[in-house]
Amino acid sequence: QVQLVESGGGLVQPGGSLRLSCAASGSIFTIREMGWYRQAPGKQRELAAMISSGGGTYYADSVKGRFTISRDNAKNTVYLQMNSLKPEDTAVYYCNADILTPGRAYINSWGQGTQVTVSS
């Protein structure tokens, strides 16, 4: 059993910043990629940023230069620092992780989501 628990969402004014955290717990041997997806009302879920176990990163064009993804492997935690936020960043943000269990099975796990609202 694996759980991802997100925190750090909220209401922020345009141009402001937020930092999201996602901690993985449970039956974990190691974690490969960790990522943040987002889903705005009436739209499909999309990948915002991803980080590999070695620290390689990927960003969607819409967040490049404003968002920074990082991870602490010792804590099984991934972060998303969001700066210069825009109203179009408003969405539910979901954490995702590819987890290898001690039994050597791969599990793709999702968090419950955290709401980010950018509005004046």
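The first residue in the sequence is number 1, and the count goes up from there. Since this is a predicted model, take the numbers as computed values, not measurements.
Judged by distance alone, with hydrogens and angles left aside, the side-chain atoms of Thr90 form no donor-acceptor pair with the main-chain N or O of Glu88 at under 3.5 Å. Of the possible polar contacts, one joining the Glu6 side chain to the Gly113 backbone as a donor-acceptor pair under 3.5 Å is found. Not a single donor-acceptor pair under 3.5 Å links the side chain of Tyr59 to the backbone N or O of Arg66.
Partners of Ala40 under the side chain to side chain contact (heavy atoms under 4.5 Å, CB included) rule, at least two apart in sequence or in another chain, are Lys43, Ala91. Arg19 is linked by a salt bridge (Lys or Arg N to Asp or Glu O under 4.0 Å) to nothing, counting only residues two or more places apart in sequence or in another chain. By the side chain to side chain contact (heavy atoms under 4.5 Å, CB included) test, Pro102 pairs with Ser27, Phe29, sequence neighbours left out. For Ser53, the side chain to side chain contact (heavy atoms under 4.5 Å, CB included) test picks out Arg71, with sequence neighbours left out. For Val2, the side chain to side chain contact (heavy atoms under 4.5 Å, CB included) partners two or more places apart in sequence, or in a different chain, are Ile28, Ile99, Ile107, Ser109. Every residue two or more places apart in sequence or in another chain that forms a side-chain hydrogen bond (donor to acceptor under 3.5 Å, both in side chains) with Thr117 is listed here: Gln115. For the side-chain hydrogen bond (donor to acceptor under 3.5 Å, both in side chains) test, no residue two or more places apart in sequence or in another chain qualifies with Asn76. For Lys64, the side-chain hydrogen bond (donor to acceptor under 3.5 Å, both in side chains) partners are Asp61, not counting sequence neighbours. Not a single side-chain hydrogen bond (donor to acceptor under 3.5 Å, both in side chains) links Arg32 to another residue, sequence neighbours left out.
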Hey, mind stepping through Val116 and Leu20 against side chain to side chain contact (heavy atoms under 4.5 Å, CB included) and telling me if it holds?
CA-CA 9 Å; Val116 171; Leu20 306 182; 4.1 Å; yes
Applying side chain to side chain contact (heavy atoms under 4.5 Å, CB included), run through Asp89 and Phe67 and close with a yes or a no.
CA-CA 11 Å; Asp89 295 317; Phe67 291 10; 3.9 Å; yes
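Taking 4.5 Å as the limit, every side-chain heavy atom of Arg38 sits out of range of all side-chain heavy atoms of Arg45. Looking only at side-chain heavy atoms (C-beta outward), Leu80 and Thr68 stay at 4.5 Å or farther from each other. Within the 4.5 Å cutoff, no side-chain heavy atoms of Asp98 are placed close to those of Ile31. Side-chain contact between Ser119 and Pro87 is absent, with no heavy atoms from C-beta onward closer than 4.5 Å.
The stretch residues 83-120 participates, sequence neighbours left out, in these disulfide (SG to SG under 2.5 Å) pairs: Cys22-Cys95. Under the side chain to side chain donor-acceptor pair (under 3.5 Å) criterion, the residue pairs touching residues 7-17 are Ser17-Asn83, with sequence neighbours excluded. Sorted by first and then second residue, the ring-ring contact (aromatic ring centres under 6.0 Å, His included) pairs with a member in residues 69-120 read Tyr37-Trp110; sequence neighbours excluded.
Remark: Ile51 CD1 to Trp36 CH2 distance equals 12.5 Å, nearest 0.5 Å. For the atom pair Asn96 CG and Leu47 CG, the distance stands at 8.5 Å (nearest 0.5 Å).
Hydrophobic clustering, with ILVMFWY side chains joined whenever heavy atoms are under 4.5 angstrom apart, groups Val92 together with Met50.
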